[in-house]
Amino acid sequence: MISEFDLIKRHFQRPTRHTELGVGDDAALIRATAGCELVVSTDMLIGGTHFLADDDPESLGWKVLAVSVSDLAAMGAVPKWALLAIALPQPREAFVAAFARGLFDCADAFGIDLVGGDTTRGPLNFCVTILGEVPQGGALRRGGARPDEDIWISCQPGRAALGLAQARGLTVLADDGRAECLAALRRPQPRLALGMALRGLASSAIDVSDGLLADLGHILERSGVGAIVDMTALPADGLARFCSDAELVRDSLLAGGDDYELIFTAAAERRAEVDGLAQRLGLPLTRIGRVTDEPAGSLSLREADSRLTIPVRRGYDHFAS
Ligand code: ADP
Ligand code: MG
């Protein structure tokens, strides 16, 4: 059986780009850029909760790092270093090799050095800590939204939820939508270029991991404001063309997690700049509502017939019963 040390050396030790000392010592030495703040975040993926034990390990490797990259994207930061803690029931080398392939695909795509971690025996579980940089004072935060600002979302929220419904056999998506929605679920694309470009333009930002309304709710709470989301403005067509179940489409859009799109707010005077950014990045950005001066966290939907409704479900909560 392969030893822990050989497993690490063989699969997790790679040349680095911007690191003094990486995997192999008692701790890593990283070179921080003068004038920048360090931005740090941790995410855990637990077998049975965030993924199933028979999920493709290569996709898991991509995803565990991609969700961390997404957190830094939501801060407007540049990810540079990651640490990986893994627990495995048995050291199945083929699994680890495939996992590492996916992880380094993502690391290479976003210029990240894996600089350390921990490997132990235990129930299948992955934990990534990511470090990045942002120019001093330039980070995007959840707390900056102000009444009358626009609320925007990137690309197409809801695809991962449709992909999950398909994977669980709860729906049958049209052939051309199946691959797209499963890819959104298994290989999410963090909106890193967008996050960086939103520095100085967005007043607040968050990535959608638990659901559009749930994560927008976090902005509203932290900013002490409310919001009205316009149902007719939401990008529903990108889901409806694969799925005829209108209820599922609506719920996936509003409360589906795991897409890692960015929600952000910006002053109405800056609409043209946001539209220009969408053009420049080749990434659709949709204005979906407006910040209000209602009590912190209050959220209503403007339906197609102009009525205001209160959403029944905002998203996923690990501790909700
Ligand atoms: P120590 O016992 O000193 O904590 P370890 O034996 O746990 O060191 O790890 C040896 C080296 O391998 C360290 O540099 C550690 O950061 C790195 N490492 C361990 N597991 C992983 C992993 N899964 N991915 C990347 N680096 C790892
Ligand atoms: Mg040590």
Side-chain angles (χ1 to χ4, degrees), residues 50 67 70-71 73-74 140-165 170 181 184-185 188 191 194 198 202-240 243 245-266 284-321:
H50 298 97
V67 302
S70 175
D71 279 325
L140 303 171
R141 301 172 184 218
R142 296 180 178 183
R146 295 293 170 260
D148 295 324
E149 287 181 340
D150 294 328
I151 301 167
W152 297 81
I153 189 147
S154 63
C155 205
Q156 181 60 68
R159 286 188 297 195
L162 284 190
L164 186 62
L170 302 176
C181 292
L185 177 69
R191 303 303 183 191
L194 174 62
L198 287 174
S203 56
S204 71
I206 191 168
D207 66 325
V208 180
S209 53
D210 296 330
L212 187 157
L213 296 181
D215 290 311
L216 174 58
H218 296 315
I219 286 186
L220 304 179
E221 295 281 352
R222 296 282 287 192
S223 301
V225 294
I228 297 175
V229 169
D230 185 354
M231 286 306 299
T232 60
L234 287 172
D237 293 349
L239 303 183
C243 179
D245 179 344
E247 273 301 302
L248 179 61
V249 165
R250 181 183 164 108
D251 188 68
S252 299
L253 254 182
L254 294 177
D258 253 6
D259 275 303
Y260 305 97
E261 298 298 348
L262 293 188
I263 299 176
F264 59 96
T265 55
L285 300 175
T286 308
R287 187 156 51 84
I288 60 168
R290 188 173 56 82
V291 181
T292 67
D293 61 5
E294 287 160 302
S298 45
L299 185 46
S300 41
L301 304 175
R302 186 168 305 282
E303 302 290 344
D305 60 7
S306 295
R307 264 181 324 129
L308 286 179
T309 62
I310 303 296
V312 281
R313 202 173 86 85
R314 289 189 179 194
Y316 187 73
D317 179 345
H318 286 281
F319 294 110
S321 47

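- Scanning both residues, Thr286 and Ala233, for their nearest heavy atoms gives CG2-O, 3.3 Å.
- Note that CD1 of Ile288 is 11.5 Å distant from OG1 of Thr232, once rounded to the nearest 0.5 Å.
- Without hydrogens or angle criteria, Ser252 side chain to Arg159 main chain gives no donor-acceptor distance under 3.5 Å.
- A pairwise comparison of heavy atoms in Ser300 and Leu308 identifies OG-CD2, 4.3 Å as the closest pair.
- One finds the CD1 atom of Ile206 at 10.5 Å from the CG atom of Leu212 (value rounded to the nearest 0.5 Å).
- Rounding to the nearest 0.5 Å places CG of Leu254 at 4.5 Å from CE of Met231.
- For Ile310 against Leu299, the heavy-atom pair with the smallest separation is CD1-O, 4.0 Å.
- Contact check for Arg146 versus Val291: no side-chain heavy atoms found under the 4.5 Å cut-off.
- Taking 4.5 Å as the limit, some side-chain heavy atom of Cys155 sits within range of a side-chain heavy atom of Arg191.
- Across all non-hydrogen atoms, the minimal contact from Ser203 to Ala145 is OG-CA, 3.9 Å.
- Here CG of Leu194 is found 6.0 Å from OG of Ser154. Values are rounded to the nearest 0.5 Å.
- The CG atom of Leu164 sits 7.5 Å away from the CG atom of Leu170 when rounded to the nearest 0.5 Å.
- In Arg314, the CZ atom is crowded: over 12 heavy atoms of neighbouring residues, nucleotides or ligands sit closer than 6.0 Å.
- Interatomic distance, CZ of Phe264 versus OG of Ser204, reported as 9.5 Å (0.5 Å rounding).
- Pro311 and Leu213 make their closest contact through CB-CD1, 3.5 Å (heavy atoms, listed as atom of the first residue, atom of the second, distance).
- For the side-chain contact (heavy atoms from CB on, under 4.5 Å) test with Asp207, the passing option among Asp259, Leu262, Val67, Asp215 is Leu262; the others fail.
- Comment: Glu303 engages Arg250 in a salt bridge, judged by a side-chain N to carboxylate O separation of less than 4.0 angstrom.
- You'll find the side chain of Ile151 stays beyond 4.5 Å of the side chain of Ile219, heavy atoms only.
- Ion pairing between a basic and an acidic side chain is recognised when a charged N comes within 4.0 Å of a carboxylate O; Asp251 and Arg313 show such pairing.
- Inter-residue side-chain proximity for Cys243 and Leu248 is flagged as met; some heavy-atom pair is nearer than 4.5 Å.
- Here the shortest heavy-atom pairing between Leu253 and Pro235 reads CD2-O, 3.8 Å.
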